[in-house]
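Values reported hereafter were calculated over all heavy atoms of this structure, with side chains retained and with hydrogens, waters and symmetry mates removed. The structure displayed is predicted, hence computed values, not measured ones. We count ligands from 1, going down the list as the structure has it; atoms in each ligand are counted the same way.
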Amino acid sequence: MSTESAVADVAADVLEPVSAWWLTGTPLEAEHQRLMRRRANPIPWDRTTVAELSPAERQRLAETWTRRSAAEYLAVSTFAVLAIDLVAAGAPADVLSLCMRAGIDEVRHAELCLRMIEIYSGKRLMPPPGMSSLPDEPTRPKLHQALANAILVSCVSETYATTVLTATRDITTDPTTHAVLTSIYSDEVMHARLGWSYLRLALEQGGAAAIDAAAAMVPVALRGNANVIERERPVGEITDKVRGHGLMTPAEEREIFSACVREVLVPGFEALGIPCGSAVDDYGEAWAVAA
Ligand SMILES: [Fe+2]
Ligand SMILES: [Fe+2]
């Protein structure tokens, strides 16, 4: 069988690729499509209301989805690195498999973002190459390294992602965007749960020294997440129509992060016995309204 006919067979009996221009055009695509369709949640691509938007509104959304595609793509490497840390620390099988699966989920999220860029801009872009760098201290105990990066990647970043995705989905009226955000959200919930579950286990194993390692990472992880929120945004007004396509203002995102820190993250860490220092004040109302 030729490569072309193998790919054609796959396309016929598996599913339509989300962003075909980001694939190899080889028989690898068959297994890729099986991995990507782990959850059957078809996206209604043809129900997009993009035609109702002005060129400036489309441009604003295309740039946002371009940034989202880069972030989702980097998250593939984030979970790959976290998996290495977890293996080194002797993490249990379910933690390992879910971490590896999270990386696969991020590939799918990147594909969805690329398709959204195409919808708004007509351009078939690919994510920029790169990889996220996680803190790496080879001299520290492997358990501490693993739990620290689980806090950074999963407990803080992914938990915040679930809260911001929920709020964004609530204002989204475009059916295609709503389905894409729902699909991503359902994975991010599990990505967050992975870290909290592992953290509890690691603290039970590691005792007081593990608590200290966790407490040292909390402010670093919160600052890292806040840096992303404080970053400059693409130019362009966030009109009501743009909001309906799943875009909030930076000020709204600050409010959500602030609430997430105070109502979810700090209570969660403290319930596990991890002191959070001045986190509640650092990301309180003064920070929330500073934009
Ligand atoms: Fe993601
Ligand atoms: Fe994720």
Side-chain angles (χ1 to χ4, degrees), residues 18-19 22 32 35-39 41 43 61 63-86 91 94-117 125-134 146-169 172 176-199 217 221-222 224-229 231 246-248 253 256-257 260 264-265 268:
V18 167
S19 44
W22 193 31
H32 173 71
L35 285 169
M36 293 300 107
R37 71 179 311 186
R38 181 176 58 77
R39 286 210 184 90
N41 43 1
I43 308 292
L61 287 158
E63 286 183 18
T64 290
W65 283 102
T66 301
R67 290 191 180 200
R68 288 176 180 170
S69 76
E72 298 287 2
Y73 180 73
L74 281 184
V76 180
S77 67
T78 304
F79 280 105
V81 175
L82 180 60
I84 293 171
D85 287 336
L86 290 168
D94 46 354
V95 173
L96 297 177
S97 66
L98 286 176
C99 183
M100 303 297 279
R101 197 189 74 188
I104 293 174
D105 294 336
E106 303 298 359
V107 175
R108 200 169 61 80
H109 298 175
E111 286 188 325
L112 292 167
C113 293
L114 297 187
R115 182 74 171 261
M116 294 300 275
I117 299 168
L125 302 182
M126 291 194 249
M131 64 175 283
S132 60
S133 59
L134 296 183
L147 74 85
N149 280 338
I151 287 173
L152 176 66
V153 169
S154 177
C155 300
V156 172
S157 290
E158 294 283 350
T159 301
Y160 172 64
T162 63
T163 58
V164 78
L165 276 166
T166 303
T168 307
R169 224 164 45 117
T172 301
T176 305
T177 311
H178 197 276
V180 167
L181 294 176
T182 301
S183 177
I184 294 176
Y185 167 80
S186 66
D187 291 333
E188 311 295 30
V189 169
M190 186 55 77
H191 298 177
R193 196 172 293 158
L194 165 72
W196 289 104
S197 301
Y198 178 69
L199 183 57
M217 178 47 100
L222 295 178
N225 218 99
N227 285 345
V228 175
I229 296 161
R231 196 175 293 159
L247 192 47
M248 284 190 304
E253 287 182 23
I256 291 166
F257 183 65
C260 180
V264 182
L265 296 175

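The Fe ion (ligand 1) sits nearest to atom ND1 when only the N, O or S atoms of H109 are considered. Here the N, O or S atom of E72 that is nearest to the Fe ion (ligand 1) is OE1. The atom name of the N/O/S atom in E158 closest to the Fe ion (ligand 2) is OE2.
For R68 and W65, the positive end sits near the middle of the six-membered ring, less than 6.0 Å away and at most 45° from its axis.
With contacts defined as side-chain heavy-atom distances shorter than 4.5 Å, the pair V76/H109 does not qualify.
Put simply, D105 stays out of reach of the Fe ion (ligand 1), with no N, O or S atom under 2.8 Å from it. Among the backbone and side-chain atoms of E106, an N, O or S atom lies under 2.8 Å from the Fe ion (ligand 1).
Between the ND1 atom of H191 and the OE1 atom of E188, the angle taken at the Fe ion (ligand 2) works out to 80° after rounding to 10°.
Distance alone, capped at 3.5 Å, is enough to place a donor-acceptor pair between the T78 side chain and the L74 backbone.
Between R108 and D187 there is a salt bridge, since at least one side-chain N of the basic residue sits less than 4.0 Å from a carboxylate O of the acidic one.
With rounding to the nearest 0.5 Å, the separation of SG in C155 from CG in L199 is 5.0 Å.
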